[in-house]
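Input: a single structure, listed below in structure tokens.
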Amino acid sequence: MRRVILLALALAGLAPAAEAQQRTRLTVYTALENEQLAPFKQAAEAALRDVEIAWVRDSTGVITARLIAERANPRADMVWGLSVFSLLQMEGMDMLEPYTPQGAEALRANMRSDRSPMTWTGMDAFVSAICFNTVVAQQRNLPRPTTWNDLLAPAFRGQVVMPNPNSSGTGFLTMAGWIGARGEQGAWDYMTRLHDNIQVYTHSGSAPCNNAARGEYGVGISFDMRSVTLRNQGAPIEIIVPTDGVGFDLEATAILRGTRNQAAARRLADFAVSRPAMELYGRYYALLALPGVEPSVRNYPADFGERLVNADFRAVAARRDELLREWARRFDGKSAPRN
């Protein structure tokens, strides 16, 4: 009888729906950009036909806080696309399931966990960058900045937008980059002077570049992928990677300890480090975790990879909460209202 029913389903064109009911549904928390969600889901589900991805997406700070708040009763099976600073903080709380994905040993040494088994694996890296609207600059006689210090000029008063590090991974990596380049006290001194020129701190890493691209401000401190995407779409912005050193972050993948779908989560972790996945990341980012994969994204600054500051991800992650509390005490008065 069951064979007759299955045959009838197949003849009626309903067999795929029946198969879909048998797929394992993975709840995947992420801070990926919205336009990346559909391509990533499509690629993973095509490679893993018995897995269905259910995204839960928000900015880095919000997703990190949510994961930590849920650690006693995790709702996520995996993280796919979140700052390594966040994952290292969760690693310290014993929230990550140890697992070395197939092929992960081939990843760049500084873009994968140093634990055995690994607790996280890198996908790509991105850097803080300046989105400089050339039309606004001409209208307001703004000088073209080449260093972070250039943004301290009086001409930029009220013309600079930056992400709030408490809610945005881009904001946090930018602050971490200033600490790496200037030392902690030098970074606080710099941020205090820059604060005079900041109009608003947004709760999204993309928003400052979006604001600059629309001509609302002359300068948006954002990250390279958003800058390149908007430039490729025709926005009148120049992508500036300051010559005095930029912070960077890794997007990474991890399995949450306590998942009830460990077998499926491991298979998605395997896919996340595979060459097809890296080629997918290469549509958006120019620094990839797997050597030998050529990114396809266009118009990245040629020498941005040479301007990265020395980063001790684990040390910064260990002090993340302390640094964010201090930032909020000093600068939160200019933050945008939360939705």
Side-chain angles (χ1 to χ4, degrees), residues 30-43 57 59-60 81 123-148 150-151 153 155-156 158-163 168-171 173-174 197-243 246-249 251 278-288 293-307 336:
T30 187
L32 291 169
E33 294 298 295
N34 282 313
E35 64 264 29
Q36 297 170 358
L37 299 181
F40 281 40
K41 174 181 170 72
Q42 182 179 10
R57 191 267 170 198
S59 60
T60 300
M123 301 160 55
D124 47 66
F126 55 98
V127 306
S128 50
I130 295 171
C131 295
F132 185 59
N133 188 303
T134 54
V135 174
V136 173
Q138 187 173 19
Q139 292 171 344
R140 296 181 172 272
N141 198 28
L142 301 179
R144 180 188 182 278
T146 59
T147 68
W148 293 117
D150 290 342
L151 295 181
F156 289 105
Q159 285 298 309
V160 182
V161 188
M162 174 184 166
S168 162
T170 302
L173 78 91
T174 301
N197 287 351
I198 295 284
Q199 180 64 28
V200 66
Y201 297 102
T202 69
H203 296 295
S204 159
S206 304
C209 199
N210 294 338
N211 296 146
R214 290 192 296 262
E216 297 169 9
Y217 306 99
V219 170
I221 298 175
S222 189
F223 61 104
D224 51 356
M225 188 278 283
R226 173 54 52 187
S227 311
V228 170
T229 298
L230 291 171
R231 173 70 179 273
N232 288 343
Q233 291 172 354
I237 57 172
E238 184 177 353
I239 306 158
I240 299 172
V241 180
T243 58
V246 292
F248 70 104
D249 196 356
E251 284 191 312
M278 293 291 162
E279 291 172 348
L280 180 61
Y281 310 150
R283 297 182 193 175
Y284 307 96
Y285 300 97
L287 286 177
L288 304 176
V293 178
E294 190 67 28
S296 56
V297 63
R298 298 178 294 109
N299 290 330
Y300 259 79
D303 55 353
F304 80 104
E306 301 169 7
R307 299 181 184 176

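Positions are given from 1, in the same order as the sequence printed here.
Considering only heavy atoms from C-beta on, Leu32 comes within 4.5 Å of Met123 through its side chain. Inter-residue side-chain proximity for Asn210 and Arg226 is flagged as met; some heavy-atom pair is nearer than 4.5 Å. Counting only heavy atoms from C-beta outward, the side chains of Pro143 and Phe156 approach each other to under 4.5 Å. For the pair Val297/Arg283, no side-chain contact is recorded, criterion being any heavy-atom separation below 4.5 Å from C-beta on. With contacts defined as side-chain heavy-atom distances shorter than 4.5 Å, the pair Ile221/Val160 qualifies. No side-chain heavy atom of Gln36 sits under 4.5 Å from any side-chain heavy atom of Lys41. Using a 4.5 Å heavy-atom threshold, the side chains of Cys131 and Ser222 count as touching. Between Phe132 and Pro236, every side-chain heavy-atom pair lies at or beyond the 4.5 Å cut-off.
Note that the OG atom of Ser206 and the CZ atom of Phe223 stand 4.0 Å from one another [nearest 0.5 Å]. Summarising the geometry, atom CZ belonging to Arg57 is positioned 7.5 Å from atom OG1 belonging to Thr30; distances are rounded to the nearest 0.5 Å. Of the inter-residue distances, the one linking Glu238 atom CD with Ile130 atom CD1 reads 10.0 Å to the nearest 0.5 angstrom. In this structure, OG1 on Thr170 lies 9.5 Å from CE on Met162, to the nearest 0.5 angstrom. Note that CE of Met225 and CG of Leu230 are 9.0 Å apart. Values are rounded to the nearest 0.5 Å.
Checked against a 6.0 Å centroid threshold, the rings of Phe40 and Tyr281 count as neighbours.
Looking only at distances, no side-chain donor or acceptor of His203 sits under 3.5 Å from a matching main-chain atom of Pro163. In terms of modelled atom types and a separation under 3.5 Å, the side chain of Gln159 and the main chain of Gly218 share a donor-acceptor contact. Of the possible polar contacts, one joining the Asn197 side chain to the Ala153 backbone as a donor-acceptor pair under 3.5 Å is found. The main-chain N or O of Thr147 is found under 3.5 Å from a side-chain atom of Asp150 such that the two form a donor-acceptor pair.
Taking both residues in full, the closest heavy atoms of Ala43 and Leu280 are given as CB-CD2, 3.9 Å, listed atom of the first, atom of the second, then distance.
Around atom CZ of Arg144, more than 12 heavy atoms belonging to other residues, nucleotides or ligands sit under 6.0 Å away.
Side-chain polar atoms of Asp224 and Ser227 form no donor-acceptor pair below 3.5 angstrom.
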